[in-house]
Amino acid sequence: MSFKRNIMITGGAGFIGSHVVRLFVNKYPHYHIICLDKLTYAGNLANLKDIEQAPNYTFVKADICDYERMLTLIQEHNIDGIIHLAAESHVDRSIKDPFTFARTNVMGTLSLLQAAKVHWEAQPNRYEGKLFYHISTDEVYGALELTHPEGIEPPFSTTASSGEHHAAYGTDFFYETTKYNPHSPYSASKASSDHFVRAFHDTYGLPTIVTNCSNNYGPYQFPEKLIPLFINNIRNRKPLPVYGKGENVRDWLYVEDHARAIDTIFHTGKIADTYNIGGFNEWKNIDLIKVLIKTVDRLLGNPEGHSIELITYVTDRAGHDLRYAIDSSKLKNELGWEPSLQFEEGIEKTVRWYLDNQSWLDNITSGDYQAYYDVMYNNR
Ligand code: NAD
Ligand code: DAU
């Protein structure tokens, strides 16, 4: 079968990657989508079960740090576009084991960049029609100041009635021009990889784009991250470990809106440019946790406030960034992307999904999901 494009999506078995793979496989039957993933603890082929038989989909188990393998795969599949999401992504793990983060996020990105460069430079039309699109995070910008608005009760809307955005918990946002100032080993490794991507453009002319997104939420997120962890713990009546005073602020975006942004930018973004992606949707952790408790209790038929007693304040995360808030106006103004879901709707959908897919959560927490690759791809 001949395809119009051959696109490699790395980290495609992870949380965001699986939504991007699903969107591309379904929306672009004339593209061959090669999903590449090492299947670390965070990679789960059950996330892609609904599309694994699609004729335009191929899964490859591989480590992005393996340069020779990356080069061979890019050559064999004649890849013309790379959407690079593979990474170690959890801040708490990076505090315990920074080496794995440097290896995957920095050396792995470098190995992919070099493999793309070698293959594309050997083509008659070199870099024409090619793109290396690197998915990064708002955490590279560091942390913003946190102020407490007087006399307003949550949830805060970050959209003024005029339609213009204002920051809910401070005076400023992260812009594309904000200076990099990462604080955790995770964000330092992502910042370093962003610099390598831009260096490959500036030095060799590799066509690159970098995007920096805020916190994602939605189905298929590994239950070590705040939202799925807390939904699962409420369901199992386990303590909800709130770091510090629960005052840190994050800007939440529904994962399918991020996938749509990636699609828009992959197809219409400007080479060598950077776009911030965010929801204009700031929440203090403790307020978000109360919404989660309310929603899960309601959907489980528990009396209102039933699970509030599970809140347990624990020692703060080391170097815990106070506040993130993304200004994504450039993406709206230049490429027309906007978040499609209101937060209340997104949270309702998300909680329902985790409660309706308890076997997915149970498989992950028991470790059973890791046998899926052998059953699907080794024993066929
Ligand atoms: P995730 O941890 O759910 O998934 C990461 C995937 O990468 C997993 O499938 C894993 O198996 C794979 N992987 C890890 N190391 C690999 C290696 N050496 N070789 C090949 N595959 C490997 O992460 P996520 O939350 O989906 O994040 C995806 C990307 O988006 C990351 O680059 C992350 O920095 C970025 N990001 C995440 C968020 C968020 O809120 N989750 C926000 C902004 C940016
Ligand atoms: O901003 C984008 C980033 O968002 C991504 O780059 C990261 O890959 C992603 O993991 C996420 O990072 P955070 O550290 O913000 O996400 P996490 O879900 O780990 O934590 C969200 C907030 O909740 C943070 O302030 C820490 C707090 N928290 C988290 C956990 C897991 C708790 O209070 N208790 C917890 O148990």
Side-chain angles (χ1 to χ4, degrees), residues 9-21 35-45 47-48 60-66 69-70 83-95 100-101 103-105 107-109 111-112 134-141 143 174 182 184 186-187 189-190 193-194 211-218 220-230 233 239-253 255 258-259 262 276-278 283-286 288-289 311-317 320-326 370 373:
I9 302 181
T10 72
F15 166 48
I16 303 171
S18 63
H19 289 275
V20 178
V21 168
C35 169
L36 182 144
D37 201 294
K38 185 184 174 186
L39 298 181
T40 67
Y41 79 94
N44 183 358
L45 286 174
N47 299 356
L48 294 161
V60 179
K61 184 176 177 180
D63 184 342
I64 53 166
C65 299
D66 182 346
R69 184 91 198 279
M70 290 308 106
I83 306 179
H84 175 38
L85 296 109
E88 290 292 336
S89 69
H90 191 41
V91 174
D92 293 331
R93 285 181 190 254
S94 81
I95 295 168
T100 304
F101 283 70
R103 180 180 174 275
T104 292
N105 298 358
M107 292 304 289
T109 301
S111 125
L112 262 181
H134 177 61
I135 307 299
S136 192
T137 171
D138 59 358
E139 301 202 10
V140 298
Y141 298 124
F174 292 138
S184 72
Y186 162 69
S187 52
S189 68
K190 290 296 291 186
S193 63
D194 296 6
T211 56
N212 299 84
C213 189
S214 65
N215 286 62
N216 285 216
Y217 70 98
Y220 301 114
Q221 188 168 30
F222 197 85
E224 63 185 351
K225 308 280 169 65
L226 181 77
I227 289 183
L229 175 72
F230 277 39
N233 283 11
L240 306 175
V242 180
Y243 297 163
K245 293 182 183 156
E247 296 223 308
N248 304 64
V249 171
R250 297 290 181 267
D251 174 359
W252 294 93
L253 178 69
V255 63
H258 188 188
I262 290 172
N276 278 351
I277 310 172
W283 283 79
K284 249 187 210 185
N285 289 343
I286 193 64
L288 169 60
I289 289 161
I311 290 180
T312 310
Y313 290 93
V314 299
T315 309
D316 208 352
R317 174 185 276 173
H320 197 171
D321 286 335
L322 257 185
R323 174 174 166 256
Y324 304 145
I326 273 278
Q370 278 163 337
Y373 174 78

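As the structure lists them, so they are numbered: ligands from 1, and atoms in each ligand from 1. These values consider heavy atoms only, across backbone and side chains, with no hydrogens, waters or symmetry-generated copies.
Residue contacts with ligand 2 for Lys225 involve both N, CA, C or O and side-chain atoms from C-beta outward (heavy atoms, distance under 4.0 Å). Contacts of Tyr186 with ligand 1, taken as heavy-atom pairs under 4.0 Å, involve the side chain alone. Proximity of His320 to ligand 2, defined as any heavy-atom pair under 4.0 Å, is confined to the side chain (atoms from C-beta onward). Under 4.0 angstrom from ligand 1, the non-hydrogen atoms of Asp63 come from both its backbone and its side chain. Residue Leu39 touches ligand 1 through its backbone alone, judged by heavy-atom distances below 4.0 Å. When heavy-atom distances to ligand 1 are checked against a 4.0 Å cut-off, His84 has no atom that comes that close, whether in backbone or side chain.
In this structure, Ser18 does not count as a contact residue of ligand 1, since none of its heavy atoms falls inside 4.0 Å of the ligand. Look at Ser214 and you'll find a heavy atom under 4.0 Å from some atom of ligand 1. Using a 4.0 Å cutoff on heavy atoms, Gly108 does not count as a contact of ligand 1. Heavy atoms of Ile135 come nearer than 4.0 angstrom to ligand 1 in at least one pair.
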Any chance you could lay out the side chain to side chain contact (heavy atoms under 4.5 Å, CB included) test for Ile277 and His258, step after step, and finish with the verdict? CA-CA 7 Å; Ile277 310 172; His258 188 188; 3.8 Å; yes
With side chain to side chain contact (heavy atoms under 4.5 Å, CB included) as the criterion, how do Val21 and Asn47 come out once you've worked through the C-alpha distance, each side chain's angles and the decisive distance to 0.1 Å? CA-CA 10 Å; Val21 168; Asn47 299 356; over 6 Å; no
Verdict with supporting geometry, Thr109 and His134, side chain to side chain donor-acceptor pair (under 3.5 Å): CA-CA 9 Å; Thr109 301; His134 177 61; 4.7 Å; no
So Asp37 and Leu45, side chain to side chain contact (heavy atoms under 4.5 Å, CB included) or not? Walk me through it. CA-CA 9 Å; Asp37 201 294; Leu45 286 174; over 6 Å; no
Run the side chain to side chain contact (heavy atoms under 4.5 Å, CB included) test on Asn216 and His19 for me, step by step, so that the C-alpha distance in whole Å, both residues' side-chain angles and the decisive distance to 0.1 Å come before the verdict. CA-CA 11 Å; Asn216 285 216; His19 289 275; over 6 Å; no
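Of all non-hydrogen atoms in Arg317 and Ile95, the two that sit nearest each other are CG-CD1, 3.7 Å. What you find for Asp63 and Met70 is that their closest heavy atoms are O-CE, 3.1 Å.
Of the protein's non-hydrogen atoms, Asp138 OD1, 2.6 Å is the one closest to atom 1 (O) of ligand 2. Closest to atom 9 (C) of ligand 2, if we only count protein heavy atoms, is Ser89 O, 4.0 Å. For atom 19 (O) of ligand 2, the nearest non-hydrogen atom of the protein is Arg317 NH2, 3.0 Å. The protein non-hydrogen atom at the shortest distance from atom 34 (N) of ligand 2 is Pro241 O, 2.7 Å. Of the protein's non-hydrogen atoms, Ile64 N, 3.0 Å is the one closest to atom 19 (N) of ligand 1. Residue, atom and distance of the protein heavy atom nearest to atom 11 (C) of ligand 2 are Asn215 ND2, 3.4 Å. Summary of contacts: the protein heavy atom closest to atom 29 (C) of ligand 1 is Leu85 O, 3.2 Å. Residue, atom and distance of the protein heavy atom nearest to atom 3 (O) of ligand 1 are Phe15 N, 3.0 Å. Distance from atom 4 (O) of ligand 1 to its nearest protein heavy atom, with residue and atom name: Gly14 CA, 3.5 Å. For atom 40 (O) of ligand 1, the closest non-hydrogen atom of the protein is Asn216 N, 2.9 Å. Atom 8 (C) of ligand 1 has as its closest protein heavy atom Asp37 OD2, 3.6 Å. Scanning all protein heavy atoms for the shortest distance to atom 43 (C) of ligand 1 gives Cys213 O, 3.3 Å. From the protein, the heavy atom lying nearest to atom 37 (C) of ligand 1 is Ile16 CD1, 3.4 Å.
Remark: side-chain polar atoms of Thr104 are not paired, donor with acceptor, to backbone N or O of Phe101 under 3.5 angstrom.
In this structure, the side-chain contact (heavy atoms from CB on, under 4.5 Å) partners of Lys225, at least two apart in sequence or on a different chain, are Ser89, His90, Gln221, Pro228. Residues satisfying the side chain to side chain donor-acceptor pair (under 3.5 Å) test with Asp138, not counting sequence neighbours, are none.
Heavy-atom proximity to Val242, at under 4.0 Å, picks out these atoms of ligand 2: 33 (O). The ligand atoms of ligand 1 that sit less than 4.0 angstrom from a heavy atom of Ala13 are 9 (O). Near Asn215, the atoms of ligand 1 lying under 4.0 angstrom from a non-hydrogen atom of the residue are 40 (O). With ligand atoms numbered from 1 in the order given, ligand 2 contributes 19 (O) to contacts under 4.0 Å with heavy atoms of His90. The atoms of ligand 1 that sit less than 4.0 Å from any heavy atom of Lys38 are 16 (C), 17 (C), 18 (N), 19 (N), 20 (C), 21 (N), 22 (C). Annotation for ligand 2: atoms under 4.0 Å from non-hydrogen atoms of Asn285 are 22 (C), 23 (O), 24 (C), 25 (O), 27 (C).
Between Lys190 and ligand 1, an N or O atom pair is found at a separation short of 3.5 Å. Not one N or O of Leu229 is nearer than 3.5 Å to an N or O of ligand 2, by distance alone. An N or O contact shorter than 3.5 Å is missing between Gln221 and ligand 1 by distance.
Both the sub-6.0 Å distance and the 45° axial angle are not jointly satisfied by Arg250 relative to the ring of Tyr217.
Within the 4.5 Å cutoff, no side-chain heavy atoms of Leu322 are placed close to those of Val249. Proximity of Val255 to Tyr220: side-chain heavy atoms (C-beta onward) are nowhere separated by under 4.5 Å. Ser184 has its side chain within reach of Glu139: a pair of non-hydrogen atoms, C-beta onward, lies under 4.5 Å apart.
Under the side-chain contact (heavy atoms from CB on, under 4.5 Å) rule, Asp194 has a single partner from Asn212, Asn105, Thr211, which is Asn212.
His84 NE2 to Ser136 OG: the interatomic distance, rounded to the nearest 0.5 Å, is 9.5 Å. Rounded to the nearest 0.5 angstrom, Leu36 CG and Leu85 CG are separated by 11.5 Å.
Comparing heavy-atom distances from atom 6 (C) of ligand 1 across Gly11, Ser89, Ser136 singles out Gly11 as nearest. Of the candidates Glu224, Glu139, Lys245, Glu139 brings a heavy atom nearest to atom 13 (P) of ligand 2. Closest to atom 14 (C) of ligand 1 by heavy atom, among Gly12, Gly17, Ala42, Ala87, is Ala87. Across the listed options Leu226, Ile135, Val91, Leu226 owns the non-hydrogen atom lying nearest to atom 21 (C) of ligand 2. Taking each of Phe222, Tyr243, Phe230, Tyr141 in turn, the one with a heavy atom nearest to atom 32 (C) of ligand 2 proves to be Tyr243.
Using cut-offs of 30° and 60° for the angle between ring planes, the Tyr324 and Phe174 rings count as tilted.
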